[in-house]
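Order of the sequence lines fixes the chain letters, A, B, ..., with proteins taken first and strands second; residue numbering starts at 1 for each chain. All values derive from a computational prediction rather than experimental measurement.
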Amino acid sequence: MSEISVQLEGGRSVQVPAGATVAEAIKAADRDAAKQALAAKVNGREVDLSAKLDETAADGEPVRVEPVLPGTLEGLDVIRHSTAHLLAAAVLDLFPGTKLGVGPALLEDPRYGFFYDIIAPRQLTEEDLPVIEKRMRELAKRNLAYRRDEISKEDALRVFGEREEPLKCELIEEKAGEVVSVYYIDGSPFIDFCLGPHVPNTNRLKAFKLLSLSGAYWKGDAEREQMQRIYGTAFATQEELDAWVKQREEAEKRDHRRIGKELDLFSIQDQYGAGLVFWHPKGAVIRKAMEDYLYEELNGRGYTFVYTPHIAKRDLWVTSGHDQSYGDSMFSPVKLEDVEFRLKPMNCPFHIGIYKSQQRSYRDLPQRYAEMGTVYRAELSGTLHGLMRVRGFTVDDAHLFCTPEQVRKEIGDCVDFVVDVFKTFGFEKVKFELSVKGDDTSKQWLGAEEDWAHAEKELASALGERGVPYERVEGEAAFYGPKIDFKIEDAIGRLWQLGTVQWDFNLPERFGLEYIGEDNKAHRPVMVHRALFGSIERFFGILIEQYTGAFPMWLAPVQVAVLPITDRANDYVERVAGELRQAGLRVETNTRGDKIGAKIRNAQLQKIPFMLVCGDREMEEGKVAVRERSRGDIGAMSLEEFRELAVRLVRARSLVNE
RNA sequence: GCCCGAGUAGCUCAGGGGUAGAGCGCCUCCUUGGUAAGGAGGAGGUCAUGGGUUCAAAUCCCAUCUCGGGCUCCA
């Protein structure tokens with residue numbers, strides 16, 4: 001029998017007999033790695049440890065073998081994918097007749113490790129999860145082998161047909177070549193259409209946990225079967241799993257809905273309508289600070305401000321195309337004297353109205369209209385989520401009307417603007433996406449093919465010129481043009497879209513926008529939609545989680561709490577507070593009968609940046625004893641000294657209180 | 001909208017076919033205390049809404065609304 005020479009990645013080379021398995025080859029070269037290996041890469045291709053080497057041997061060249069180890073991303077992928085199979089095996093065991101959908105590993109979404117979509121004979125409830133998890137542990141302990149087989153497509157269809165797995169058959173029909181890779185777990189009814197690789201045995205799966213149960217449509221299509229999705233996660237070790245669980249519990253404490261209530265920032269009240277936000281005084285003051293900041297920036301960047309109505313005749317929305325392309329997301333029309341009106345889901349047509357109100361010369365361009373424009377969208381009830389997805393929200397909107405020559409610079413300026421704004425708030429992990437038209441016909445894309453291509457190129461170069469890394473996403477564009485989106489993660493890892501820069505070659509066309517050029521002829525302007533926060537509500541939600549409610553000075557609803565130690569200091573405290581308010585600071589006093597410890601605790605829980613403790617000593621010396629919320633007691637200083645510090649922090653929009 | 005779960009005091013939650021419970025908060029009084037909870041007393045609830053079963057429903061059943069986790073959709 002001939003021999004194969006094997007080069008272990010980063011290790012020694014060995015000779016193994018042809019037909020030896022990958023596991024045997026690794027064992028011959030490195031016993032330690034053999035014990036740890038979950039799968040392997042042979043000449044760069046991921047395979048099972050049980051794969052035979054001659055299958056992959058190249059002529060003469062040594063075969064490169066690299067074990068896939070726990071602690072690597074590939075290893076985690078194998079573990080999670082294998083655990084998803086174990087989940088399916090346990091479900092089939094407990095609920096015979098269950099139909100299987102898909103069960104991938106998830107590595108990018110920090111919330112979950114894997115899921116499996118199933119249709120069980122009865123609806124599963126969350127009480128079933130511990131039972132399923134227990135069965136998974138039993139199967140894991142029995143050390144069952146994952147076995148891979150290659151069969152013909154015909155046989156595969158027959159096998160899955162006999163097992164009454166219609167969804168799997170559908171997948172095979174669509175995705176399989178002539179040879180189909182299938183996996184079994186020995187001693188279990190489980191069989192799957194899958195490329196692998198998997199761990200060799202179920203006892204390699206030591207640390208997993210089922211997390212939640214939810215609905216999912218087959219292939220994400222609401223017209224197709226409603227399935228149940230079981231989410232879980234898995235790690236190489238129990239310690240990693242425990243750490244993950246703990247971290248998730250911590251993250252949940254940052255939930256903006258919880259903090260919003262604790263700090264009395266906002267509410268959403270069922271009796272007045274789901275998805276409609278009430279900004280309480282302490283939330284409103286933060287919003288005001290955010291808006292003031294924006295207005296300052298907008299002014300500096302050559303924007304002008306406008307105000308427009310919240311509702312308009314339906315005809316306007318027909319002209320803009322919203323009625324046809326976006327009508328499902330709009331509130332139904334309301335009628336007045338036989339004329340139909342619709343609430344605005346976007347501000348653009350109104351800004352166009354201002355543009356169109358007079359003849360424009362090329363000398364007037366670009367026109368940059370900015371508005372905190374409140375819009376209303378008919379979001380499905382199940383999608384609503386705190387401040388992140390609501391039915392009424394305010395967009396820090398702007399529309400730029402410019403000549404084709406100007407658009408490139410305008411878009412570049414928008415990108416710069418966005419980057420600056422995110423920096424001010426201290427965001428570091430911003431994801432940029434270039435969303436372009438897709439092939440699917442479900443969206444009613446408006447505009448000519450070459451316009452789309454041209455616009456995409458301009459947007460891409462605006463990002464490219466600034467060295468901003470971005471991802472190109474097909475099919476995510478608005479119906480009227482491609483766009484750049486800015487996304488940020490919330491506390492528990494959900495990604496939310498904030499700002500956007502959108503190229504629109506559709507609306508200028510539909511509304512017949514014009515400007516008179518140097519040549520004294522009418523030309524069509526280019527229109528750019530752009531928002532930085534996106535929705536002020538959503539941005540606020542993200543901010544709450546970003547700061548865990550501990551807002552920097554310039555945003556904090558109460559910036560300073562002045563606390564008397566005894567009643568004797570009450571007058572002094574009021575005088576101190578008054579002086580600080582004169583300097584423009586937001587100040588609260590607490591003259592109730594509590595001891596100083598309780599007053600401090602109170603202010604601390606409210607996450608007030610500075611506490612000024614005032615007793616006999618401070619009164620005598622005209623000082624305040626300063627306590628900063630994260631550093632604690634930082635000693636006494638004169639009132640003037642503190643006032644200057646506080647004012648400086650606010651003016652600088654400092655993210656830290658130093 | 002769809003699947004699963006949940007709705008009890010202002011908040012967080014326990015309870016459960018037959019006087020409605022706790023902690024925090026709130027109010028009153030006592031206490032004037034130097035850097036994360038001083039003490040006592042008190043007020044406060046058609047147990048989400050509407051039907052049904054039952055001698056009796058906050059509790060069991062159905063529907064509706066809302067919330068939570070997802071799916072779809074999206075800022």
Side-chain angles (χ1 to χ4, degrees), chain A residues 111-112 115 117 119 123-129 211-231 255 257-258 261-262 264 268-275 326 328-329 345-346 375 377-391 393-397 442-443 476 478 483 485-487 492 494 496-500 502 529 531-539 541-542 563-570 593-605 611-618 625-629 632-636:
Chain A
R111 289 173 293 166
Y112 303 109
F115 67 78
D117 283 350
I119 302 175
Q123 290 288 351
L124 300 183
T125 75
E126 263 155 36
E127 284 162 17
D128 293 312
L129 294 185
L211 298 170
S212 69
L213 185 65
S214 71
Y217 298 109
W218 176 237
K219 295 183 175 168
D221 182 350
E223 302 294 311
R224 297 292 308 264
E225 291 85 339
Q226 168 87 43
M227 309 192 66
Q228 285 194 293
R229 174 170 296 178
I230 301 174
Y231 279 106
D255 192 312
R257 294 164 299 182
R258 167 206 282 263
K261 202 177 271 179
E262 283 169 0
D264 193 20
I268 294 168
Q269 308 187 26
D270 327 350
Q271 63 271 37
Y272 303 131
Y326 202 74
D328 289 348
S329 297
M346 297 185 193
V375 298
R377 297 186 186 175
E379 298 293 343
L380 298 177
S381 57
T383 69
L384 301 176
H385 178 88
L387 291 176
M388 303 299 196
R389 176 157 296 112
V390 293
R391 286 180 173 152
F393 58 98
T394 301
V395 184
D396 62 321
D397 219 346
S442 60
K443 260 192 189 166
E476 288 296 307
K483 55 179 181 165
D485 290 329
F486 318 103
K487 299 187 175 182
I492 51 176
R494 279 184 280 226
W496 296 99
Q497 177 172 335
L498 299 174
T500 183
Q502 313 188 344
H529 309 241
L532 309 170
F533 297 156
S535 140
I536 294 182
E537 283 76 2
R538 178 178 289 180
F539 196 80
I542 291 281
L563 311 174
I565 288 172
T566 70
D567 289 353
R568 287 192 300 282
N570 283 0
D594 293 332
K595 293 218 257 187
I596 191 67
K599 290 177 184 173
I600 287 171
R601 177 179 151 82
N602 230 310
Q604 199 77 47
L605 291 176
M611 290 155 244
L612 303 183
V613 177
C614 300
D616 295 337
R617 283 207 296 276
E618 287 72 22
V626 182
R627 185 188 167 95
E628 195 273 331
R629 77 181 153 206
D633 191 348
I634 57 171

Measure the distance from [atom1] on [X] to [atom2] on [N] and round it to the nearest whole Å.
{"X": "A:I230", "N": "B:G5", "atom1": "CD1", "atom2": "P", "answer": "13 Å"}
{"X": "A:M388", "N": "B:G68", "atom1": "CE", "atom2": "P", "answer": "12 Å"}
{"X": "A:R391", "N": "B:U66", "atom1": "CZ", "atom2": "P", "answer": "7 Å"}
{"X": "A:E379", "N": "B:C67", "atom1": "CD", "atom2": "P", "answer": "13 Å"}
{"X": "A:I596", "N": "B:G33", "atom1": "CD1", "atom2": "P", "answer": "12 Å"}
{"X": "A:I268", "N": "B:C67", "atom1": "CD1", "atom2": "P", "answer": "8 Å"}
{"X": "A:I600", "N": "B:U35", "atom1": "CD1", "atom2": "P", "answer": "7 Å"}
{"X": "A:Y272", "N": "B:C65", "atom1": "OH", "atom2": "C1'", "answer": "15 Å"}

Contact class for [X] vs. all strands (heavy atom < 4.0 Å): base, sugar-phosphate, or nothing?
{"X": "A:G593", "value": "base"}
{"X": "A:R568", "value": "sugar-phosphate"}
{"X": "A:F115", "value": "nothing"}

Query raised in the report: Does B:U31 fall in syn (glycosidic angle within 90° of 0) or anti?
Result: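 B:U31: anti glycosidic orientation.
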
Report task. Starting from the C-alpha separation in whole Å, work towards a yes-or-no answer on side-chain contact (heavy atoms from CB on, under 4.5 Å) for A:E379 and A:L384. Result -> CA-CA 7 Å; A:E379 298 293 343; A:L384 301 176; 4.0 Å; yes

**Report entry** Salt bridge flag under 4.0 Å for residues A:K483 and A:D485
**Finding:**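 Between A:D485 and A:K483 there is a salt bridge, with a charged N closer than 4.0 Å to a carboxylate O.
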
Query raised in the report: Under 4.0 Å between a Lys/Arg side-chain N and an Asp/Glu carboxylate O for A:R257 and A:D255?
Result: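 Counted as a salt bridge, because a side-chain N and a carboxylate O are separated by less than 4.0 Å.
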
Requested in this report: Tell me which of A:Q497 and A:Q123 sits closer to the 5' end of RNA chain B, going by the nucleotide each one is nearest to.
Outcome: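 Nearest nucleotide further toward 5': that of A:Q123.
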
Query raised in the report: More 5' along RNA chain B: A:T125 or A:G386, using each one's nearest nucleotide?
Result: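 First, find each residue's nearest nucleotide; the 5'-ward one identifies A:T125.
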
Query raised in the report: Under the criteria of a ring-centre distance below 5.5 Å and an interplanar angle below 30°, is A:F393 stacked with the base of B:A75?
Result: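 A:F393 vs B:A75: stacking yes.
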
Nucleotide opposite [N] in a Watson-Crick or G-U pair, distances under 3.5 Å:
{"N": "B:A37", "result": "none"}
{"N": "B:G44", "result": "none"}
{"N": "B:A63", "result": "B:U49"}
{"N": "B:G17", "result": "none"}
{"N": "B:U54", "result": "none"}
{"N": "B:C24", "result": "B:G10"}
{"N": "B:C2", "result": "B:G70"}

Query raised in the report: Between the side-chain atoms of A:Y217 and the base atoms of B:G1, is any donor-acceptor pair under 3.5 Å?
Result: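 Indeed, a donor on one side and an acceptor on the other fall under 3.5 Å apart.
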
Query raised in the report: Checking only heavy atoms, does the side chain of A:Q228 share a donor-acceptor pair with the base of B:G70 at less than 3.5 Å?
Result: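 A donor-acceptor contact between them is absent.
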
Query - Neighbour count >12 (heavy atoms, 6.0 Å) for atom CD, A:E223 - result: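 Atom CD in A:E223 is not packed in, count stays at 12 or less.
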
Query - Residues, nucleotides or ligands: over 12 heavy atoms within 6.0 Å of A:D221 CG - result: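 Counting neighbours around CG of A:D221, more than 12 heavy atoms of other residues, nucleotides or ligands fall under 6.0 Å, so yes.
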
Using the [atom1] atom as the reference point in each nucleotide, state the distance between [N] and [M] in Å, no decimals.
{"N": "B:A9", "M": "B:A48", "atom1": "C1'", "answer": "14 Å"}
{"N": "B:G50", "M": "B:A37", "atom1": "C1'", "answer": "44 Å"}
{"N": "B:C62", "M": "B:U53", "atom1": "P", "answer": "15 Å"}

Query raised in the report: Quick one: is B:U12 close enough that its OP1 or OP2 comes under 4.0 Å of any side-chain N or O from A:K261?
Result: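 Yes.
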
Requested in this report: For B:C71, take OP1 and OP2 only and decide whether either is under 4.0 Å from a side-chain N or O of A:R224.
Outcome: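 No, outside the criterion.
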
Query - Among B:G70, B:U72, B:G38, the nucleotide that comes nearest once only the side chain of A:K595 is considered - result: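 Nearest to the side-chain atoms of A:K595, counting from C-beta on, is B:G38.
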
Report task. For the side chain of A:E618, starting at C-beta, report the closest nucleotide among B:G34, B:G69, B:C67. Result ->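 So the nucleotide nearest the side chain must be B:G34.
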
Report task. Could you label the plane-to-plane angle of the A:Y112 and A:Y231 rings as parallel, tilted or perpendicular, counting under 30° as parallel and over 60° as perpendicular? Result ->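 Judged by the thresholds at 30° and 60°, the geometry between A:Y112 and A:Y231 is parallel.
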
